[in-house]
K.L.:
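Pasting a structure here, questions to come.
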Number of protein chains: 2
Amino acid sequence: MSCIKEEMFSKACKYAINAMIYVASLPEGMQRAGLKEISKAIDSPEAFTAKILQQLVRVELLSSAKGPHGGFAIQGDPNTITIAQVVAAIDGDMIFTGCALGLKKCSEDHPCPVHHKFKAIREHLTGMLLTSNLKEIAEGVNDGKSFLKY
Amino acid sequence: MSCIKEEMFSKACKYAINAMIYVASLPEGMQRAGLKEISKAIDSPEAFTAKILQQLVRVELLSSAKGPHGGFAIQGDPNTITIAQVVAAIDGDMIFTGCALGLKKCSEDHPCPVHHKFKAIREHLTGMLLTSNLKEIAEGVNDGKSFLKY
DNA sequence: TTAAATAAAGACAAAAATATCCTTTAATAT
DNA sequence: ATATTAAAGGATATTTTTGTCTTTATTTAA
Ligand code: FES
Ligand code: FES
């Protein structure tokens, strides 16, 4: 026993978010990146990343193409795809709806001891994720203001 | 592949918080609870809970006594022990200091794409945990306003 | 002094998350 | 057509987290 972790999102989810941002940051016209390119850009394990990209394709956040010049592209409008959607696709919605202390159901009627305090945080987080769209975030990366690795 | 989880804290951490609140909620005078009583009160697996209580004893958030009428008690003043201390003891401080997207270090100089947005959430969360003391939270439980299980 | 109660400690087991590897399928270019 | 490229899918491996079991040590009470 001895844990030195527990962060907000799973690794799978972090890779997913980073991958989506990377693909969204690709220059117009040439916006299709292969697995190798993506996992290199976000410094993630290639094979594991492949599984995550597959999931994102299944939920139609990404489109994919096989063969030479194949790869992954954002499916839909980067302006309207939110980080919340990516998180929900990979980690599910427990982070948006679950009880902080593990009660089966988070509710006002049968609240856990930190429900009221925690609810505010959760709403803050949810609001942030829902209003963060890929386009805007990818611009920060393109402008050199933020980074996808290290 | 197919995850339907990822919550804010690890299970170990949730059990720890609940256990601390339960022990803090014990009536004056008779404030020493055994493992069985605690894990029943918070609906947690007994043996696993034992390990967590051991950790809490090691970091001196709890004191323990063996033998008949032994058990666990809060060590120190419940008014000044915060949920943040319990979380840090079990989950470490990644939740307070780590990068949301997995960069090795969260910093202003080399921010990840969601750093600025996420920082606000993290400060909100940190502030909440730092200002939530055991005494106050345990009172809610004693008043029947909040619940430790189901 | 002995028996009972209870926490501590260590070994082990099961489940979940993370990660890798190999084969198959589809697309492209020659 | 064929060879090459790249994603999809499936099986497997590793690591971490969660959980259990057994033994030991300590305290209390009879
Ligand atoms: S009941 Fe625990 S967070 Fe709502
Ligand atoms: S660098 Fe990612 S949260 Fe600060």
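In the text below, chain A, chain B and the rest are named by the order of the sequence lines, each starting its count at 1. None of the values given here were measured: they were computed from a predicted structure.
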K.L.:
So, the side chain of B:Asn142 versus the backbone of B:Ser25: is there a donor-acceptor pair under 3.5 Å, distance only?
P.N.:
yes

K.L.:
Between C1' on C:dA16 and CD on B:Glu7, what's the gap in Å once rounded to a whole number?
P.N.:
14 Å

K.L.:
By nearest atom, which of the nucleotides D:dT20, D:dT18, C:dA19 is closest to the B:Ala47 side chain?
P.N.:
D:dT20

K.L.:
Could you check how far CE of A:Met94 sits from P of C:dA17, rounded to whole Å?
P.N.:
12 Å

K.L.:
Taking only nitrogen or oxygen atoms into account, show me every contact under 3.5 Å that the protein makes with nucleotides 5-7 of chain C, one pair per line with its distance.
P.N.:
residue: C:dT6; atom: O4'; partner: B:Gly67; partner atom: O; Å: 3.3
residue: C:dA7; atom: OP1; partner: B:Leu35; partner atom: N; Å: 3.1
residue: C:dA7; atom: O3'; partner: B:Ser64; partner atom: OG; Å: 3.2

K.L.:
Rounding to a whole Å, what distance do you find between A:Gln55:CD and D:dA7:P?
P.N.:
17 Å

K.L.:
For the pair made of NZ in B:Lys11 and P in C:dA15, what is the distance, rounded to whole Å?
P.N.:
12 Å

K.L.:
Not counting sequence neighbours, which residues clear salt bridge (charged side-chain N to carboxylate O under 4.0 Å, His left out) with B:Lys149? List them please.
P.N.:
none

K.L.:
For the side chain of B:Lys51 and the base of C:dG10, is some donor closer than 3.5 Å to an acceptor across the two?
P.N.:
yes

K.L.:
Indicate the ring-plane relationship of A:Phe9 and B:Phe118, choosing parallel, tilted or perpendicular according to the 30° and 60° boundaries.
P.N.:
tilted

K.L.:
Can you tell me how far C1' of D:dA8 sits from CG of A:Leu62, to the nearest Å?
P.N.:
14 Å

K.L.:
I need the CZ-P distance between A:Arg58 and D:dA7, as an integer number of Å.
P.N.:
15 Å

K.L.:
Are the side chain of A:Arg122 and the backbone of A:Gly98 linked by a donor-acceptor contact shorter than 3.5 Å?
P.N.:
yes

K.L.:
Taking side-chain hydrogen bond (donor to acceptor under 3.5 Å, both in side chains) as the cut-off, I'd like each qualifying pair that reaches into residues 37-47 of chain A, sequence neighbours left out, listed once.
P.N.:
A:Tyr22-A:Glu37, A:Ser44-A:Thr49

K.L.:
Should the pair A:Lys145-A:Glu139 be classified as a salt bridge under the 4.0 Å nitrogen-to-oxygen rule?
P.N.:
no

K.L.:
Answer yes or no: does a side-chain N or O of B:Tyr15 lie under 4.0 Å from OP1 or OP2 of D:dT18?
P.N.:
no

K.L.:
Please report, rounded to the nearest Å, how far the C1' atom of D:dT17 is from the CD1 atom of B:Ile52.
P.N.:
11 Å

K.L.:
If the plane angle is over 60° it's perpendicular, under 30° parallel, otherwise tilted; pick one for A:Tyr15 and A:Phe48.
P.N.:
perpendicular

K.L.:
Can you tell me how far C1' of C:dA17 sits from CG of A:Asp91, to the nearest Å?
P.N.:
11 Å

